[in-house]
Trainee: 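Let me give you the structure first, and then I'll get to my questions.
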2 protein chains.
Amino acid sequence: MSENSSYKTRKVITIGVVSELTGLSERQIRYYEERKLVFPERSEKGNRKYSFADVELLIDIANKREEGVQTYEIRQDMLRAERKKEKKMRRELLRGEINARFGIQKER
Amino acid sequence: MSENSSYKTRKVITIGVVSELTGLSERQIRYYEERKLVFPERSEKGNRKYSFADVELLIDIANKREEGVQTYEIRQDMLRAERKKEKKMRRELLRGEINARFGIQKER
DNA sequence: CGTGTAAGGAATTCTGACACG
DNA sequence: CGTGTAAGGAATTCTGACACG
């Protein structure tokens, strides 16, 4: 269901291209990093590299900002969503374990 | 089946990153373009931009080159594959049209 | 708080060319 | 043919800072 280290999450896009793709200024993109909203990787010499997922996230951020939402709020929302997701993961992991032991038996 | 203008085919990767990803020198990458094996887009100021699909193609090219295959041969193979693919497309298009007229009827 | 901008420097990319083989 | 390299210039990116509000 979720291709993992795939095209979407591979960090390969430079800030200039991200700027074109999102319509945000490089200044804005760097600032959102400072506010811990995006986490680009760095190349050898320190150039930022983003993924398509980052680009989409930045577009979401841009929309929120247009609605007047502050970066701090956006960060809080992201952290909340993060925790919720982890909770879900834990539940699913647990369900998997239970199934493995007491669930539908395989042959033999 | 084939996500179209998606992450895989969007031209957003600069030549430096492509070089890292493929292990090829920038010189080699530019040369393969000269030999019409890859077709990057250009940014405003003329910088080359590649897609993940291009990166994969370049890796294939690198492998062929290691086997001693010349760029000209590689190009011929690509053109042949291209033609074959188009032929297939035409067949499928035709089948689709026939089905639309004489195939399984919808309601009414 | 969020963003623009000028500043200075380092790294990137581009093209056309010479070199070797 | 395929690739390295030095050359010169233009564009990119980086950081830290001042500005406005």
Side-chain angles (χ1 to χ4, degrees), chain A residues 10-52 54-80, chain B residues 10-52 54-80:
Chain A
R10 208 73 192 283
K11 310 242 179 187
V12 297
I13 314 177
T14 54
I15 196 166
V17 178
V18 173
S19 176
E20 288 172 21
L21 258 31
T22 60
L24 293 166
S25 69
E26 297 184 9
R27 180 68 169 97
Q28 288 174 307
I29 297 168
R30 292 196 193 98
Y31 181 68
Y32 298 153
E33 177 181 359
E34 192 182 318
R35 302 314 309 271
K36 305 207 180 304
L37 300 181
V38 254
F39 305 93
E41 288 181 0
R42 297 284 183 139
S43 71
E44 290 276 298
K45 280 42 165 298
N47 284 20
R48 273 166 264 249
K49 292 191 295 185
Y50 302 83
S51 66
F52 281 111
D54 290 331
V55 169
E56 290 175 7
L57 176 56
L58 282 165
I59 290 172
D60 289 345
I61 292 170
N63 291 143
K64 294 259 185 76
R65 284 291 305 127
E66 275 183 23
E67 293 166 22
V69 185
Q70 294 188 189
T71 57
Y72 178 79
E73 311 268 356
I74 297 173
R75 175 153 165 75
Q76 294 307 312
D77 286 352
M78 283 174 54
L79 291 174
R80 264 177 240 124
Chain B
R10 208 75 191 282
K11 309 242 180 187
V12 296
I13 314 177
T14 53
I15 196 166
V17 178
V18 173
S19 176
E20 289 173 21
L21 258 32
T22 60
L24 293 166
S25 69
E26 297 184 10
R27 180 69 168 94
Q28 289 174 307
I29 298 168
R30 292 197 192 98
Y31 181 66
Y32 298 153
E33 177 182 358
E34 194 182 318
R35 300 314 308 271
K36 305 208 181 304
L37 300 181
V38 255
F39 305 93
E41 287 181 359
R42 297 283 183 140
S43 71
E44 289 278 298
K45 280 44 164 300
N47 285 20
R48 274 167 264 249
K49 293 192 294 187
Y50 301 83
S51 66
F52 281 111
D54 290 331
V55 169
E56 290 175 7
L57 176 56
L58 282 165
I59 290 172
D60 289 345
I61 293 169
N63 290 143
K64 295 260 185 77
R65 284 291 305 127
E66 276 184 21
E67 293 167 21
V69 185
Q70 294 189 188
T71 58
Y72 178 78
E73 312 267 356
I74 298 174
R75 175 152 164 75
Q76 293 308 311
D77 287 352
M78 284 174 54
L79 291 175
R80 264 177 239 123

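Throughout, protein chains are lettered first and strands after them, A, B, ... in sequence-line order, and every chain is numbered starting at 1.
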Trainee: Among dC18(D), dG2(D), dT13(C), which nucleotide has an atom closest to any side-chain atom of R27(A)?
Mentor: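 For the R27(A) side chain, the nearest candidate turns out to be dC18(D).
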
Trainee: Taking the side chain of Q70(A) as heavy atoms from C-beta outward, which of dG2(C), dC18(C), dT13(D) is closest to it?
Mentor: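 Looking only at side-chain atoms, Q70(A) lies closest to dG2(C).
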
Trainee: On DNA chain D, compare the nucleotides closest to V69(B) and N47(B); which residue's is nearer the 5' end?
Mentor: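 Per heavy-atom nearest nucleotide, the more 5' residue is V69(B).
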
Trainee: Does E73(B) use its side chain to pair, donor to acceptor, with the backbone of Q70(B) at less than 3.5 Å?
Mentor: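 Checked: no pair found.
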
Trainee: Kindly determine whether R48(B) and R42(B) satisfy side chain to side chain contact (heavy atoms under 4.5 Å, CB included), including the steps that lead there.
Mentor: CA-CA 5 Å; R48(B) 274 167 264 249; R42(B) 297 283 183 140; 3.0 Å; yes

Trainee: Need one value for R35(A): base, sugar-phosphate or nothing, where a base atom within 4.0 Å counts as base even if backbone is also close, heavy atoms only.
Mentor: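 Sugar-phosphate, no base atom in range.
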
Trainee: Nearest to the side chain of S25(A), which nucleotide is it out of dC14(C), dG4(C), dT13(D)?
Mentor: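 Per side-chain heavy atoms of S25(A), the pick is dG4(C).
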
Trainee: Could you check which of dT15(D), dG2(C), dT5(C) has an atom nearest any side-chain atom of R42(A)?
Mentor: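 The answer is dT15(D).
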
Trainee: Between dG2(D) atom C1' and I74(B) atom CD1, what is the distance in whole Å?
Mentor: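 Whole-Å distance recorded here is 11 Å.
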
Trainee: Test side chain to side chain contact (heavy atoms under 4.5 Å, CB included) on L79(B) and R75(B); report intermediate values, then the result.
Mentor: CA-CA 6 Å; L79(B) 291 175; R75(B) 175 152 164 75; 4.0 Å; yes

Trainee: Could you give the CD-to-P distance, from Q28(B) to dT5(D), as a whole number of Å?
Mentor: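 Roughly 11 Å, once rounded to whole Å.
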
Trainee: Among the nucleotides dC14(C), dT3(D), dT13(D), which one has an atom lying closest to any side-chain atom of R48(B)?
Mentor: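 In terms of side-chain proximity for R48(B), the closest of dC14(C), dT3(D), dT13(D) is dC14(C).
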
Trainee: By nearest atom, which of the nucleotides dT12(D), dT12(C), dG2(D) is closest to the R65(B) side chain?
Mentor: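 Of all the options, the side chain of R65(B) is nearest to dG2(D).
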
Trainee: Roughly, in whole Å, what's the span from CD in E33(B) to P in dG2(D)?
Mentor: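 Checked: the CD to P distance equals 15 Å.
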
Trainee: Considering only dT3(C), dT13(C), dC14(D), which nucleotide approaches the side chain of Y32(A) most closely?
Mentor: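 Nearest to the side chain of Y32(A) among the choices is dT3(C).
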
Trainee: To the nearest Å, how far apart are E44(A) CD and dT12(C) P?
Mentor: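 Distance, rounded to whole Å: 9 Å.
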
Trainee: I need the CD1-C1' distance between I15(B) and dC14(C), as an integer number of Å.
Mentor: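 Answer to the nearest Å: 9 Å.
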
Trainee: With E26(B), which residues qualify under side chain to side chain donor-acceptor pair (under 3.5 Å), at least two apart?
Mentor: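 Residues passing side chain to side chain donor-acceptor pair (under 3.5 Å) with E26(B): R30(B).
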
Trainee: If you look at every strand shown and take non-hydrogen atoms under 4.0 Å, does T71(A) touch a base, only sugar-phosphate, or nothing?
Mentor: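 Sugar-phosphate contact only - T71(A) comes under 4.0 Å of backbone atoms but never of a base.
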
Trainee: Could you tell me whether F39(A) atom CZ has more than 12 heavy atoms of other residues or ligands within 6.0 Å of it?
Mentor: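 Enclosed: over 12 neighbouring heavy atoms sit under 6.0 Å from CZ of F39(A).
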
Trainee: From the list dT12(D), dT12(C), dT15(D), which nucleotide is the closest neighbour of the side chain of K45(B)?
Mentor: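 Comparing dT12(D), dT12(C), dT15(D) against the side chain of K45(B), the answer is dT12(D).
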
Trainee: In whole Å, what is the span from the CD atom of E26(B) to the C1' atom of dG2(D)?
Mentor: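 Answer to the nearest Å: 17 Å.
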
Trainee: Please state how far atom CD in E34(B) lies from atom P in dT3(D), giving the value in whole angstrom units.
Mentor: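 Rounding to the nearest Å, CD of E34(B) and P of dT3(D) are 11 Å apart.
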
Trainee: Would you check, one step at a time, whether the test side chain to side chain contact (heavy atoms under 4.5 Å, CB included) holds for T14(B) with N47(B)?
Mentor: CA-CA 7 Å; T14(B) 53; N47(B) 285 20; 5.7 Å; no

Trainee: Can you list the steps and then say if K36(A) with T71(A) is a side chain to side chain contact (heavy atoms under 4.5 Å, CB included)?
Mentor: CA-CA 9 Å; K36(A) 305 207 180 304; T71(A) 57; over 6 Å; no

Trainee: Determine yes or no for a side-chain-to-main-chain donor-acceptor pair under 3.5 angstrom, with D54(B) supplying the side chain and S51(B) the backbone.
Mentor: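 Here the side-chain-to-backbone pair exists.
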
Trainee: Checking contacts here: which listed nucleotide (dT13(D), dT3(C), dT13(C)) is nearest the side-chain heavy atoms of R30(B)?
Mentor: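 The answer is dT13(C).
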
Trainee: Of the candidate nucleotides dT12(D), dT3(C), dG2(D), which contains the atom at the shortest distance from the side chain of Y31(A)?
Mentor: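 Closest nucleotide to the Y31(A) side chain: dT3(C).
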
Trainee: My validator wants the stems of DNA chain D: runs of 3 or more consecutive Watson-Crick or G-U pairs, both distances under 3.5 Å, written as range with range.
Mentor: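 Expected stems, ordered by start: C:2-5 with D:17-20, C:17-20 with D:2-5.
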
